[in-house]
Amino acid sequence: MTATTAQTRPKRSLVSRIPLFEQVRSSIGLQRGMLIAGVVITGLFVITAVFAPLLAPYGFAQLRSDGTPFGAQEAPNAEHLLGTTVGGYDVLSRVIWGAQTAILTIVVSVILSIFAGIFLGLVSGYIGGWLDRVLVVVCDAIYAFPSLLLAIVMSIVISGGRSDLLGGILAASISITVVFIPQYFRVIRAETVRIKSEAYVESAKVIGTRAPRIVFRHVLRNATRSLPLLLTLNSSEALLTLAGLGFLGFGIEPTAAAEWGYDLNKSLSDVTSGIWWTSLFPGLAIVLAVLGITLLGESLNDLADPRLRGRRAALDTGAPTADNGAEPHGAGATGERIVADDASTADDEERVS
Amino acid sequence: MSAETTDAVTNDSDIVSIVDLRVTFATDGGAVRAVDGVSIAVRPREIVAIVGESGSGKSVTAKSILGLVPSTATSSGSILLRSRDRSRTTDIVDASQNALRSLRGEDVAMVFQEPSTALNPVYTVGWQIAEGIRAHGSVSRKDAKKQAVDILRRVGIPDPETRVNYYPHQFSGGQKQRVVIAMALVLNPGLIVADEPTTALDVTVQAEILDLLRRLRDEFDTAIVLITHNMGVVADLADRVVVMYQGKVVEEADARTLFASPQADYTKQLLAAVPHIGQGEARAAVRTQERLARDSSTTPVVVARDLVIEYPGRLGRGGFRAVNGVSFEIKEGEVLGLVGESGSGKTTIGRAIAGLSKVTGGSLSVLGREMLGIRERAFRSARVDIGFVFQDPASSFNPLLTIADCVAEPLVVHGRAADSRDARAQVDELLEAVQLPRTFGDRYPHELSGGQRQRASLARSIALRPKLLIADEPTSALDVSVQARVLELFTELQREFGFASLFISHDLAVVDLLADRIAVLYKGELVEEGTGAEVLGAPQHPYTQRLLASLPVPDPIEQQSRREALHRLQAVDG
Amino acid sequence: MTAELSSPDPASAAPPAVLRRRSSGGGGLGRYILVRFLLIIPTVFILVTLVFLLMRTTGDPITAALGGKLTGPQLQERIHEAGYDRPLIVQYLEYLGNIVTGNFGSTLSDNRPVTQVLLTYGGATLELAFYALIVAFIVGIPLGMVAAYFRDRAPDAFLRIFAILCYATPVFFAGLLLKLVFAVWLQVLPVAGRASTGAELQMQFLQSKTGIYLIDALQTGNPEVIGDVLSHAVLPGVALGLLTAGVFLRLVRTNLIGTLGTDYVDSARSRGVTEFRLVRKHAYRPALIPIITVIGLQIALLLGGAVLTETTFEWKGLGFQLAHYLQARDFVAVQGIVALLAVIVAVTNFIVDIIAALIDPRVRY
């Protein structure tokens with residue numbers, strides 16, 4: 001997009017270009033703590049996934065070493081630091097390998113839904129009219145529907161409800177994608193509709209800029225600025241949905257990959273007999289991974305929103321603010337940014353143009 | 001207690017005395033001193049205006065009197081506030097939260113800039129007034145409500161017995177401000193701090209609110225600290241004026257003295273920058289002469305005949321008619337000033353001419369193209385000849401592109417340059433034309449001030465040498481001194497490039513400065529049109545008369561006589 | 001955005017704010033309710049269609065359920081009997097027609113009408129959702145107010161992390177942990193189920209059985225039965241409730257911080273209103289409108305969570321049945337239950353939106 005406009009720009013120092021560096025620097029107190037905790041936990045999660053083959057003592061589907069079976073429901077011991085499952089797998093290994101499955105699912109689902117969601121949101125928001133209304137109703141309907149149920153339906157469609165190979169990851173990812181598209185759609189569309197009425201887009205129109213150029217040069221990049229936050233929050237949701245699917249028996253077979261939700265499902269009966277290690281560790285893995293990603297997303301959200309940012313940036317606003325900055329009631333104070341960019345935002349802008 | 005300090009004399013009889021106040025904010029960029037050693041004293045029944053531009057610290061000073069500064073601020077110095085009956089004196093700077101709470105509303109109250117946001121939308125106004133009463137002593141609900149009705153009547157809300165149960169959205173903007181004032185008044189505090197109380201209002205409504213504020217002093221014996229940037233308002237209301245600049249007091253004088261013989265350079269500049277009605281007449285005459293001499297058979301660039309613009313309602317509900325049967329012309333090289341208050345339809349007309357709003361009836365011809373039912377494809381070729389300057393400098397540039405990229409856009413879009421680098425030479429010329437340094441081209445919009453951005457916006461709008469420039473309130477978001485420079489630039493550019501222009505503004509004085517002819521809109525209809533001399537010199541339509549009379553002029557003596565004229569006009573009206 | 005963007009008078013911004021609200025609903029509350037009600041139809045239609053298309057484009061349910069168990073010809077015969085060999089569009093229209101008349105099909109595995117499954121098990125899910133909402137409201141809303149009041153201070157930090165943990169913990173893992181601690185180790189609460197066998201027997205003979213155990217238990221008037229039913233409800237209610245509580249807490253906190261920064265709160269402060277009252281009255285009520293709207297959307301989360309919670313605690317409700325039919329690969333039942341849930345979600349959202357409108361005087365008048 002900006003390939004044509006390469007030119008001298010004030011260069012920022014190299015350090016400050018490291019992603020998140022700027023955010024860490026500008027944060028204070030609690031927010032800084034949350035951000036750093038998020039970065040560290042997420043980093044650990046990614047490292048575990050990448051180096052799973054090195055870190056895990058056994059394979060995820062390994063049942064015996066040197067010809068001797070591990071044994072089922074072994075309590076944690078020197079051989080098996082976190083014990084073994086009812087199926088005779090090593091818990092520690094499956095927890096570590098599970099990170100890989102989780103990350104793969106997150107990456108695939110987020111990438112798929114981002115492209116579809118952004119495209120639909122941009123087109124729908126910019127063009128408006130009937131196409132927009134239909135898409136909004138469809139996406140709202142899907143959005144209001146329990147995402148887990150939708151994912152179940154999708155996984156039935158894709159894999160007949162049972163996945164044996166690594167294709168199971170793809171099945172899970174696509175199921176989750178369908179759930180997420182409406183979310184990206186809503187956010188991008190709302191942003192597009194807002195930006196469409198910004199003076200710089202109107203001024204592009206007045207100049208006679210054609211729609212594709214307006215969309216790509218002016219709207220797209222401004223509309224996607226809030227995406228990193230949504231991305232982190234959706235990653236954690238993808239993880240939870242994957243685990244939920246696994247828990248209901250729609251996950252990946254233990255011989256194909258390690259999946260935390262599946263392991264928890266198998267540990268259901270263990271709990272009643274007081275066997276705690278088979279459920280505790282995969283569960284904790286999910287909690288930690290989601291916690292890390294959510295902390296990251298939440299603190300980025302806070303830092304991006306001046307209303308929520310640490311109270312350091314108050315200035316004399318004794319300006320004659322005779323502009324149209326007056327917001328209608330509540331418009332600036334509504335909804336949680338991510339959870340609910342609710343439909344009313346969209347309706348409000350209906351009268352534009 | 002009569003202590004003397006270096007800066008000011010604190011006097012028992014003062015309702016509030018601020019001595020050497022300093023307020024510092026912690027920001028991302030380090031500590032910022034918003035108020036720097038300010039000393040002000042306000043006597044009972046006195047209206048003291050604190051004037052200054054953005055960043056002068058006037059608002060922070062005023063809010064400090066109520067202890068309403070954000071918790072990121074640290075204050076030093078003293079603010080001695082006395083209750084009306086002198087029974088208690090509190091130093092606000094080191095008062096406890098509880099002490100502050102108990103004096104807010106009782107000893108000092110505040111009127112906010114934005115009446116529509118200062119009222120809680122989900123409670124009735126009566127409830128909100130009563131709440132303030134009940135926060136300061138045990139008063140029964142019934143009595144509190146009675147007091148609320150009473151105070152609403154006294155601030156001029158008709159039928160207060162019914163309206164006390166209304167929600168804020170059921171009042172008009174001016175009435176909302178009356179309610180806000182009623183809330184401030186209800187416990188009869190000795191001092192009211194009014195922070196830009198009329199900035200958000202139309203000029204005719206502003207005149208009414210100013211009258212009400214004057215009555216506060218006359219009937220309620222209340223002292224007022226008035227924060228404003230509008231010198232006309234100051235001239236109309238203030239007894240004494242404090243001029244602030246960058247956190248310091250640069251001049252303090254009695255209102256008449258200040259306007260008659262300002263001492264500080266800053267005050268002189270400020271006063272000189274304020275546009276006056278009547279300044280433009282001579283200039284307009286010269287321009288018209290020049291234009292007629294150039295070309296006597298000028299063809300109109302824009303012709304509107306019985307123009308109607310409606311916004312559609314939803315789901316088959318009736319639409320909103322923003323413009324209703326308006327006819328006017330803009331000739332080549334002519335500046336038409338379009339004046340009106342909020343909801344008059346002036347912006348809608350500007351947007352329709354630029355093809356941003358749909359024309360729904362009558363006829364509008366722009367550069368020879370009929371806009372009724374036109375398709376974007378057919379209009380695109382005309383866009384080369386149209387420039388547009390938007391009101392809000394903050395949002396008129398894509399924040400991700402440099403100023404040079406933005407200014408180059410029209411050149412690139414219309415194939416005058418391959419890309420923005422190729423256009424750079426032209427961009428530099430344009431920036432020079434609007435008196436911006438070339439290096440500003442490499443900056444991003446947020447790195448420029450509002451006035452600079454508005455100049456860059458002008459540069460972009462004239463990049464294609466348009467025949468028509470639409471300027472939609474280009475200066476209403478700017479400080480007075482910045483406004484003056486931008487208006488001057490506009491005049492120069494217009495002379496140099498000779499474009500026709502529709503200049504939209506709510507401010508008669510601004511339009512008078514640069515328009516050849518003035519059209520006055522009222523509720524979607526054009527009520528009067530003519531040269532500046534005709535419309536402003538001898539207005540025919542009652543609305544124009546009222547609008548003109550409502551506009552406060554920056555001269556206390558002249559303003560007083562104008563005020564009386566307005567009262568006569570209002571008496572005739574009803 | 002509005003007709004008049006330019007003028008400095010916010011009065012021009014204020015009336016459109018009203019106008020907008022109204023324009024989406026019509027002239028007043030009655031019209032708003034009507035329009036909002038009509039919107040249910042496309043929503044349900046879309047979801048039902050989506051579910052049908054997704055489930056049926058991939059094959060017929062009989063092959064999915066019985067494939068491999070029956071021979072080819074037998075399978076074909078069953079498919080023909082059930083009409084699954086007709087064109088898809090015919091089946092779709094029939095399906096739609098059935099839904100309009102309230103017929104969501106019959107299960108394959110035990111041949112029961114889906115509506116009957118709902119009547120039998122819906123009460124249990126409703127009951128669970130009720131417990132969860134109570135926990136969520138009691139925990140989430142006051143704590144959200146506390147967090148906003150102590151913004152950026154220690155209690156806020158603690159509560160925010162608590163909220164994130166609530167959200168980050170999958171409801172079935174929370175359930176497992178609660179079970180392990182309270183039912184297995186401490187043995188103070190039952191492991192699973194909705195009531196013990198004895199209590200269920202007593203309720204079995206009631207004249208007006210509702211299927212909602214709490215009401216049935218109250219009807220028996222036997223304190224032991226009531227106690228038994230309640231003790232079974234604690235763990236599932238808390239597990240599902242905490243998930244929702246985390247969301248409520250964040251929601252209340254964010255919205256309150258938003259409204260606490262508004263002019264009208266400052267204005268009330270300038271009238272000497274106490275800080276506590278500022279949060280409790282001035283900030284809370286306006287914040288409530290978006291909060292309620294979002295709570296409506298949380299119904300979906302709650303239902304999804306209910307499926308998992310019911311599986312964890314063998315709570316025999318709709319979600320438990322759904323999981324059961326999934327295991328049995330009875331996709332007719334799955335399709336029916338999912339479509340039915342779509343209707344429930346749409347209707348609940350409608351009710352929630354009406355409540356939000358009732359709170360907002362700008363819609364009411």
Side-chain angles (χ1 to χ4, degrees), chain B residues 66 68 97 101-106 109-110 112-124 128 131-132 135-136 167 169-170 172-174 176 180 183-184 187 199-202 205 311 313-315 317 320 322 340-348 350-351 391 472-473 476-477 504 506, chain C residues 1-27 31 34-35 38-39 151-153 259 261-278 281-289 359-365:
Chain B
L66 287 96
L68 281 178
Q97 274 302 317
R101 193 197 67 73
S102 73
L103 65 83
R104 285 177 193 152
E106 209 161 277
M110 182 143 176
F112 289 78
Q113 168 172 353
E114 193 71 80
S116 52
T117 61
L119 295 169
N120 195 326
V122 302
Y123 294 107
T124 63
Q128 295 183 57
E131 184 192 34
H136 293 276
Y167 287 92
H169 72 269
Q170 293 167 293
S172 72
K176 270 186 227 167
V180 171
M183 278 182 184
L187 289 168
T199 306
L201 304 173
D202 276 330
V205 181
Y311 287 98
R314 300 184 82 204
L315 292 167
R317 289 162 48 76
F320 167 65
E341 295 182 303
S342 56
S344 63
K346 57 188 189 302
T347 292
T348 306
R351 294 172 57 86
Q391 169 183 19
D472 184 5
E473 301 249 23
S476 66
I504 299 166
H506 68 282
Chain C
M1 193 176 308
T2 60
E4 185 69 69
L5 265 175
S6 72
S7 117
D9 184 354
S12 70
V18 178
L19 216 136
R20 267 187 211 163
R21 262 292 192 171
R22 287 196 171 153
S23 69
S24 63
R31 204 185 156 100
L34 182 72
V35 171
L38 290 177
L39 265 175
R151 182 188 172 179
D152 291 339
R153 282 180 276 163
T259 46
T262 54
D263 272 3
Y264 53 80
V265 168
D266 241 3
S267 162
R269 186 178 283 131
S270 82
R271 276 175 272 138
V273 175
T274 58
E275 291 295 314
F276 178 74
R277 201 180 155 86
L278 288 180
K281 289 270 179 190
H282 283 268
Y284 185 59
R285 186 87 174 266
L288 207 55
I289 296 159
I359 291 181
D360 190 347
R362 284 166 293 181
V363 177
R364 215 181 331 153
Y365 289 91

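It should be emphasised that the depicted structure is a prediction, and the values quoted were computed from it without experimental measurement. For the numbers below, each heavy atom of this structure counts, side chains included, while hydrogens, waters and symmetry mates do not. Naming convention: chains lettered A, B, ... in sequence-line order (proteins, then strands); numbering from 1 in each chain.
Smallest separation of non-hydrogen atoms from B/A118 and C/S267: O-OG, 3.2 Å. Residues C/G272 and B/R101 approach most closely at O-NH1, 2.6 Å, considering heavy atoms. Shown here for B/Y123 and C/H282, the closest heavy-atom pair between the two residues is CE1-CA, 4.4 Å.
Residues B/V122 and C/I289 form a side-chain contact, since some pair of their non-hydrogen atoms from C-beta on lies under 4.5 Å apart.
Both the backbone and the side chain of B/Q128 come within less than 4.5 Å of a heavy atom of chain C.
Partners of B/E131 under the salt bridge (Lys or Arg N to Asp or Glu O under 4.0 Å) rule, at least two apart in sequence or in another chain, are C/R271, C/R277.
For the atom pair CD of B/Q113 and CG of C/D263, the computed distance is 8.0 Å after rounding to the nearest 0.5 Å.
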